[in-house]
Protein chains: 2
Amino acid sequence: MHREQLFDQLLHLSALLQADQERELSAIGLNTRTTHLMWAVHHRGPLMQREIADEMQVTQRHVTTLVDELIEAHLVYREPHPHDRRAVQIRLTEKGTSLMETMALDHTRLADALTQGWSDDEVAAVTSRIETVIARFAALVDEAAAERERTA
Amino acid sequence: MHREQLFDQLLHLSALLQADQERELSAIGLNTRTTHLMWAVHHRGPLMQREIADEMQVTQRHVTTLVDELIEAHLVYREPHPHDRRAVQIRLTEKGTSLMETMALDHTRLADALTQGWSDDEVAAVTSRIETVIARFAALVDEAAAERERTA
DNA sequence: TATTGTTATACTCTATAACTATA
DNA sequence: TATAGTTATAGAGTATAACAATA
């Protein structure tokens, strides 16, 4: 069936993208987690470690470790929180900011390369299809979660 | 730009699918690795542990561990290799086979649910687009690998 | 009393190296 | 000499629990 073939392809593509990303990142001494952390700070501004833990769904303790690594690499730094003396704020260094900007650019270039030769309409059509797949999948996951609640 | 939005969506979908799969598997005491192992045996027939290590791109030592876990769960068993007394063959138990069949069915059902209401032509059109994205991505990865060869 | 971050500790996943039995 | 699998060991990644400083 074609429907299953499409599904398998999406899984395949997802595996390819992920493997490639991990290879690229490890070449510059990063991994998915540390990059996610920097990406969050880059887009949301200075964050407390607790906020980062919430965003990334990992423990605060683990954020401490990740931040330590990024400080070692001169990509972020800790600053006292302006209003809460218990907390610190994580900010990107210049090097960190410029790395995030480079990544964003690479990202755009890759997106363009992968859809090269498609008309804008084609891009829009596929985008809208994928959107419905995401929405439906989210609905199914919610349903399953509700089911588990009821059973438990 | 729309092209980047599509790319981001594909990444998002991939993360959703993966997280969901891991949750489902952990509910039945499996993970991505052990499932991959069983899937390989289910589709390729009885395999030596070395063959499994090749297929999964992990060490033979790690295959030993994964097989031990699956034996503990009564999902596979070891059998002497018919022609090579150094080796063993991994086979699925009845329970293991039936689990793989259930998974294949769930997989088909999910693919259908996610594309519900799409015409066959629409499915085919999106499939063909994703195919070109995969092909192009593979080409880019190869190019980058060749580049690294030359530099090294 | 609750929250932020850290010290101490442990668990999971996976790898490398040395070894046994067999090819 | 090379290969299949295992014993022993170690490293990365991540979690839980207890604690200090502050809210």
Side-chain angles (χ1 to χ4, degrees), chain A residues 15 18-19 21-23 25-41 44-73 75-91, chain B residues 15 18-19 21-23 25-41 44-73 75-91:
Chain A
Q18 201 169 330
Q21 186 182 275
E22 266 164 34
R23 207 174 29 62
L25 289 177
S26 88
I28 55 173
L30 291 178
N31 58 38
T32 311
R33 289 300 197 194
T34 43
T35 306
H36 184 176
L37 197 163
M38 292 180 71
W39 196 252
V41 175
R44 296 179 46 195
L47 294 177
M48 292 192 328
Q49 292 190 181
R50 202 238 336 120
E51 293 173 313
I52 295 173
D54 289 347
E55 153 110 19
M56 294 178 64
Q57 308 253 57
V58 297
T59 59
Q60 283 181 223
R61 179 60 188 86
H62 190 40
V63 173
T64 298
T65 305
L66 296 173
V67 168
D68 286 347
E69 285 172 29
L70 288 170
I71 287 175
E72 187 76 18
L75 291 166
V76 309
Y77 59 99
R78 290 193 176 94
E79 221 178 38
H81 190 286
H83 312 309
D84 185 341
R85 284 197 299 173
R86 292 170 306 179
V88 294
Q89 272 190 333
I90 306 304
R91 289 170 178 271
Chain B
Q18 201 168 330
Q21 185 182 278
E22 266 164 34
R23 207 175 29 60
L25 289 177
S26 87
I28 55 173
L30 291 177
N31 59 37
T32 311
R33 289 301 198 192
T34 42
T35 306
H36 183 177
L37 197 163
M38 292 180 70
W39 196 251
V41 175
R44 296 179 45 195
L47 294 177
M48 293 193 328
Q49 291 189 183
R50 203 240 334 124
E51 292 173 315
I52 295 173
D54 290 347
E55 152 109 21
M56 294 177 65
Q57 308 253 54
V58 298
T59 60
Q60 283 181 222
R61 180 59 188 84
H62 190 39
V63 173
T64 298
T65 305
L66 296 173
V67 169
D68 286 348
E69 284 172 30
L70 288 170
I71 287 175
E72 188 75 19
L75 292 168
V76 309
Y77 60 100
R78 289 193 177 95
E79 222 179 36
H81 190 285
H83 312 308
D84 186 339
R85 285 196 299 174
R86 293 170 305 179
V88 295
Q89 272 190 333
I90 305 304
R91 288 169 179 272

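A note on names: the letters A, B, ... follow the listed sequences, proteins ahead of strands, and every chain is numbered from 1. Since the structure is predicted, the reported quantities are computational estimates derived from the model, not experimental observations.
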In sequence, state the C-alpha distance, the side-chain angles, and the governing distance for E55(A) and R44(A), and then conclude on side chain to side chain contact (heavy atoms under 4.5 Å, CB included).
CA-CA 11 Å; E55(A) 153 110 19; R44(A) 296 179 46 195; 2.6 Å; yes
Less than 3.5 Å between a donor and an acceptor, one on the side chain of R85(A) and one on the base of dT22(D), is that the case here?
no
Contact class for V88(A) vs. all strands (heavy atom < 4.0 Å): base, sugar-phosphate, or nothing?
sugar-phosphate
Test for a donor-acceptor pair under 3.5 Å between the base of dT14(D) and the side chain of R61(A), counting only N and O atoms.
no
Residue pair D68(A) / T65(A), side-chain donor-acceptor N/O under 3.5 Å
no
Where the side chain of R86(B) is concerned, which of dA23(C), dT14(C), dT6(C) is the nearest nucleotide?
dA23(C)
Heavy-atom pair of closest approach, residues L25(B) and T32(B):
CD1-N, 3.9 Å
Out of dT6(C), dG5(D), dC13(C), whichever nucleotide has its closest atom nearest the side chain of T64(A)
dT6(C)
Nearest-Å distance for atom pair NE2/P, residues H81(A) and dT3(C):
16 Å
If I take atom CZ in residue R50(A) and atom P in nucleotide dA2(C), what distance separates them, rounded to the nearest angstrom?
16 Å
Would you mind reading off the distance between D68(A) atom CG and dA8(C) atom P, rounded to a whole angstrom?
14 Å
Quickly work out the I71(A) CD1 to dG5(C) P distance and round it to whole Å.
12 Å
Could you give the CG-to-P distance, from L47(A) to dG5(C), as a whole number of Å?
11 Å
Gap between atoms CG and C1', on D54(A) and dG5(C) respectively (whole Å):
14 Å
Closest listed nucleotide, where the reference is the side chain of D84(A) and the choices are dT14(D), dA23(D), dG5(C):
dA23(D)
Of the non-hydrogen atoms in V67(A) and V76(A), which two are nearest, and what is the gap between them?
O-CG2, 4.2 Å
Please work out if V58(A) contacts a base, only the sugar-phosphate, or nothing of the nucleic acid, heavy-atom cut-off 4.0 Å.
sugar-phosphate
Rounded to the nearest Å, what distance is computed from the NE2 atom of residue H62(A) to the P atom of nucleotide dT16(D)?
12 Å
Starting at atom CD1 of I52(B), determine the distance to atom P of dA4(D), rounded to an integer number of angstrom.
13 Å
A87(A) has a side chain; which of dT4(C), dA15(C), dT6(D) sits nearest to it?
dT4(C)
Establish, with yes or no, whether the OP1 or OP2 oxygen of dA15(C) is under 4.0 angstrom from a side-chain nitrogen or oxygen of T59(B).
yes
Has the side chain of Q60(B) got a donor or acceptor atom sitting under 3.5 Å from an opposite partner on the base of dG5(D)?
yes
Heavy-atom closest pair, residues P46(B) and E51(B):
O-OE1, 4.5 Å
Listed nucleotide nearest any side-chain atom of R78(B), set dT14(D), dT6(D), dT16(C)
dT6(D)
